[in-house]
Amino acid sequence: MGWFRRKRSGVDGSRRRGDDGTGDGAGAAGAQAGDAPDPRTPWPDQAVPDDPHAAAAGFWATWAELLPHLSTALGEGDTERAENLLVGPVAGVHPGLQFSVDRGSRAIYALVVSSREDPELRPYTDAWWEAAPPDDAIWEFHDSVPPVPDPAGVAVNFAGQRFDLGDVRVVAQVDDAGLVDVAVHHPLLGEVDDFSRTTMTFLPLDVTLGERLAAQRLRRVETAVAEPDNAITLGELRDLVRALAGIPADDGDGGVDDGADSDGSADDDGAAGGYGDGGEASR
């Protein structure tokens, strides 16, 4: 399991591995069965709900029905099947959202539903979060990707390579407004294709800062295939950005509303962070 296997809930043409075609939100029974659709079936258009609060209420009603099926899948170690059960319900909140199931920091499992800091999607994640049940011993809920305790201890299996984030080096430049331009280097970035290179440029930033703090403080992000001079580690980048944001150095959640911690290794399916789809992004 990992934060990095985020799925896009909708069917807007940017599918993620494991999307099972139930993203139109029609009926939980098909999702519960985990049946894959005929790949020749055209993707249906998905309507955006008019009322985020009603859509959120619908999700949590379905969540209660799905909990036994989720528990069975996760108990068998089948995170992919558990995530597939949630494709349709999350798309019912908004087809543009992404989500993941992972280890929790306070509970056994965590469900993250992310707007990727898109202001048009935030009302839907806000409503989803407000309607969420209290965290318990089994589940905790997050409306943005939280940071991990120690990014240097994270490894990501992606594009046939194992990216140890302890090997990432970053050059950071701070402007007068306290925003940060960064260039991200990993020794393997020169060995993968452009899409993988972009993904592995942005993903360490989400892991290190959490999605919300990264969106607030990072302005321009670039890939550095060759190791640059005067580079710092991801941990040092986090210290820098948190200091600029006035967040105490020992604040484990990065100062975000619901920050949780996760660690370990993950299999990524290509879901980049919420900065954009190109090799660089400007804020």
Side-chain angles (χ1 to χ4, degrees), residues 2-4 6 116-117 144-159 161-256 259 261-266 268 270-283:
W3 296 120
F4 320 117
R6 279 177 285 163
R116 292 164 292 149
E117 296 306 304
S144 66
V145 178
V148 302
D150 179 15
V154 173
V156 180
N157 297 313
F158 182 72
Q161 301 278 6
R162 178 183 172 90
F163 290 82
D164 291 305
L165 299 194
D167 294 333
V168 172
R169 294 295 179 267
V170 179
V171 172
Q173 296 182 332
V174 182
D175 68 9
D176 293 339
L179 300 177
V180 186
D181 294 339
V182 296
V184 179
H185 168 76
H186 188 281
L188 296 177
L189 289 178
E191 301 180 18
V192 294
D193 60 26
D194 289 343
F195 178 78
S196 301
R197 189 176 301 131
T198 298
T199 300
M200 292 309 304
T201 296
F202 291 115
L203 186 148
L205 303 174
D206 268 353
V207 169
T208 300
L209 302 175
E211 185 176 47
R212 193 153 295 168
L213 183 60
Q216 291 170 352
R217 286 288 166 173
L218 298 185
R219 185 181 63 172
R220 187 178 183 87
V221 178
E222 296 181 344
T223 300
V225 175
E227 182 171 1
D229 296 329
N230 302 316
I232 59 177
T233 66
L234 289 173
E236 291 169 328
L237 174 68
R238 174 152 62 189
D239 291 344
L240 170 65
V241 174
R242 286 183 175 179
L244 291 169
I247 299 170
D250 59 353
D251 187 342
D253 66 5
V256 297
D261 297 327
S262 176
D263 57 13
S265 63
D268 191 358
Y275 309 100
D277 296 326
E280 62 184 38
S282 299
R283 295 205 172 283

(Q) Using a 3.5 Å distance criterion without hydrogens, assess whether the side chain of H186 forms a donor-acceptor pair with backbone atoms of V225. (A) no
Q: Would you indicate whether the side-chain heavy atoms of V184 and T223 approach each other to under 4.5 Å?
A: no
(Q) Restricting to side-chain contact (heavy atoms from CB on, under 4.5 Å), what partner residues turn up for E191, sequence neighbours left out? (A) Q161, L188
**Q.** Residues that D175 engages under salt bridge (Lys or Arg N to Asp or Glu O under 4.0 Å), provided they are two or more places apart
**A.** R219
**Q.** D167: salt bridge (Lys or Arg N to Asp or Glu O under 4.0 Å) partners, not counting sequence neighbours
**A.** none
(Q) Any salt bridge linking R116 with E211? Criterion: basic side-chain nitrogen under 4.0 Å from a carboxylate oxygen. (A) no
Q.
So V174 and L179, do their side chains get closer than 4.5 Å, heavy atoms only?
A. no
Q: Taking the side chain as every heavy atom from C-beta outward, state whether F163 and L189 have any pair of such atoms under 4.5 Å apart.
A: yes
Q.
I want to check something: taking the side chain as every heavy atom from C-beta on, are L244 and R217 in contact at a cut-off of under 4.5 Å?
A. yes
Q) When rounded to the nearest 0.5 angstrom, what is the spacing between CD in E117 and CG in D206? A) 9.0 Å
**Q.** With sequence neighbours excluded, residues passing side chain to side chain donor-acceptor pair (under 3.5 Å) with E236
**A.** T233
Q. Do L234 and L165 touch side chain to side chain, with heavy atoms closer than 4.5 Å?
A. yes
Q.
For D193, give me all partners under side chain to side chain donor-acceptor pair (under 3.5 Å), at least two apart in sequence or on another chain.
A. S196
Q) Quick check: does any side chain N or O of D181 sit under 3.5 Å from a backbone N or O of R220, one acting as donor and the other as acceptor? A) yes
(Q) Suppose we screen for side chain to side chain donor-acceptor pair (under 3.5 Å). Which residues come up paired with R197, at least two apart in sequence or across chains? (A) D194
Q | Partner residues of D176 under the side chain to side chain donor-acceptor pair (under 3.5 Å) criterion, sequence neighbours left out | A | none
Q | All side-chain contact (heavy atoms from CB on, under 4.5 Å) counterparts of A243, not counting sequence neighbours | A | none
**Q.** Under 3.5 Å donor-acceptor, D150 side chain and A152 backbone
**A.** yes
Q. Can you tell me if H185 uses its side chain to pair, donor with acceptor, with the backbone of A224 under 3.5 Å?
A. yes
